[in-house]
J.: 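Here it is, the structure, as structure tokens.
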Amino acid sequence: MSNSGGLAVSKAIRILQIARSARRELGLSDDIPIHAIFRVLDRKGLRVIRYPFGFRKISSLLARYRDEYFIVVDSTRTLGHQVFSVAHEYGHYVEHRDRLTFVCEPTYPDAGALDMERWANRFAAEFLVPRAAVERWLMEQDLEAASLTLPDAVRLQQAMGVSYEAMLNRLVELELISSEQRVAWGQESPVRVARKLGVPVDLYQPDEVIQVPEEYQALWVQAYENGRVSFRRLQAALARIGVDAKHLDLSHPAGIDDVT
Amino acid sequence: MSRESLIADTSLLSYWVAGGIFHTLKELVAGRLYVPPTVVRESSRTLLVRQAVTEALRDRWLLQTQLSPGELALAASISGRYGVHQGEAEALAVAATRGLVLICDEKAGRVAASALAVKATGSMGVLYKAVELGMLTALQADTAIAQMRTAKQWVPVKRYDDVRSHVEANPARAEWLRNL
């Protein structure tokens, strides 16, 4: 029970099965990391939006508009945090999408006082870091599970593309490190270790990226050119993604009737 | 003579400043041309427009109006429903509530005005009035249109004659504009 975060074992197995099935639907086997999760989900019809929110109250949300679902994540969080948040929201999409909107603060692992939040955190862990992927990595690195070191944990975290905190929690869940090790290693700076190992540090930093679905600009332009939104509305929408509408070669919808 | 009050979105102000004829508005509509708060803020993004609007507001021939809570709520609803920006939505809400004539050059704004039964004209409609009342010559209007186009303002006409012939194809409309 200690490794299932308070969930019943049968429930934990069910989450594992759902996470596996979710991977299969994305064409991903259990023994590989998920690279470019934002694009992977976006291509599967879920709209992933990354945007620097400018406030700290929430870090991600899942919303539905008509028949489309959107995962929106705050890109002022570290990249590792964003990855986990997106997987968490994907869990909500997979299992709870009949509910309209989720606004989440998934501060792993304690965010969920609510069952569904705990469920989504467990899903994200199983989905991003399956046991098979960790075992394969250990085998490829010729490492013994029992003798995992802190630098190994950082390299594994890099390979899985998740946050350091999420990786340590997962290692405890997989019984590869003890809770005491988790606490001790949690005191270390992963950036310092990563720099010593010569591995990238981008997972520990916010990227403040603005990522919107590819059609975003085209749909706004189309709406303007069809006279359904005004130029200033278009300007404001495109300014959010750093595009100046005045520099676009637009077909302006206003005819002489609209200016006399 | 009609003394209808008017409310403008940003386009009239920026177009007429770009055309070098902003001062003519004072003769045409002094004391009855209103702008909502967001339009004043939007106008301040360009130095020349900011200077012209600030001076006109100071001299009180251009008037800034405040929206009531009901009008603000209506503006929010108009913005969502008709795809117009905040300043345009505020102008539409005030026009609809108080019976003012809207001056707007946006397709989306004019569609909204029609749906809300708001009487509307645009910067070229006001230009027609200015020329027909003798405050500008047709040549000055041509120059103004050319300057607006050079300043990247979207004006779907190249010469004043285009405006006149279009307006006068509807005599009732032409008369309404002259008397506005």
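In this text the structure is predicted, and so the values were computed from the model without any measurement. All chains are named by letter (A, B, ...) in the order of the sequence lines, taking the proteins before the strands, and each is independently numbered beginning at 1.
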J.: Would B:Arg32 and B:Glu4 count as a salt bridge (charged side-chain N to carboxylate O under 4.0 Å, His left out) here? Give the steps.
T.: CA-CA 7 Å; B:Arg32 58 191 182 99; B:Glu4 284 187 280; over 6 Å; no

J.: If we define contacts as heavy-atom pairs under 4.5 Å, which of B:Gly122, B:Gly83, B:Ala120 has the most with chain A?
T.: B:Gly83

J.: Checking A:Gln205 against A:Thr78 for the side chain to side chain donor-acceptor pair (under 3.5 Å) test, could you report, in this order, the C-alpha distance in whole Å, the side-chain angles of both residues, the deciding distance, and whether it holds?
T.: CA-CA 4 Å; A:Gln205 294 165 345; A:Thr78 68; over 6 Å; no

J.: Is the distance between the ring centroids of A:Tyr204 and A:Tyr164 under 6.0 Å?
T.: no

J.: Heavy-atom pairs under 4.5 Å with chain B are the metric here; pick the option from A:Thr260, A:Leu250, A:Leu234 that has the most.
T.: A:Thr260

J.: Considering only heavy atoms, which portion of A:Asp257 lies under 4.5 Å from any heavy atom of chain B: side chain, backbone, both, or neither?
T.: both

J.: Of the backbone (N, CA, C, O) and the side chain (C-beta and beyond), which part of B:Val167 lies under 4.5 Å from a heavy atom of chain A, both, or neither?
T.: side chain

J.: Does a side chain donor of either B:Arg41 or B:Thr38 reach within less than 3.5 Å of an acceptor in the other side chain?
T.: yes

J.: Can you confirm whether the side chains of A:Asp74 and A:His81 place a donor and an acceptor under 3.5 Å from each other?
T.: no

J.: Would you mind checking which part of A:Arg228 comes under 4.5 Å of any heavy atom in chain B, side chain (CB onward), backbone (N, CA, C, O), both or neither?
T.: backbone

J.: Does any heavy atom of chain A fall under 4.5 Å from the side chain of B:Tyr128, the backbone, both, or neither of them?
T.: neither

J.: For each of B:Asp9, B:Val157, B:Thr121, B:Ile103, tally heavy-atom pairs with chain A at distances under 4.5 Å, and name the one with the top tally.
T.: B:Thr121

J.: When heavy-atom pairs shorter than 4.5 Å are enumerated against chain B, which of A:Ala236, A:Ala254, A:Ala237 gives the highest number?
T.: A:Ala254

J.: Shorter than 4.5 Å, heavy atoms on both sides: which option in B:Glu42, B:Gln86, B:Arg173, B:Met124 has the most such pairs with chain A?
T.: B:Met124

J.: Specify which of A:Gly255, A:Ser230, A:Pro253 makes the most heavy-atom pairs with chain B at under 4.5 Å.
T.: A:Ser230

J.: What do you reckon, is CZ of B:Arg98 surrounded by more than 12 foreign heavy atoms closer than 6.0 Å?
T.: yes

J.: Whether the A:Glu208 and A:Ser75 side chains hold a donor-acceptor pair (N or O, under 3.5 Å, no angle test) is what I'd like checked.
T.: no

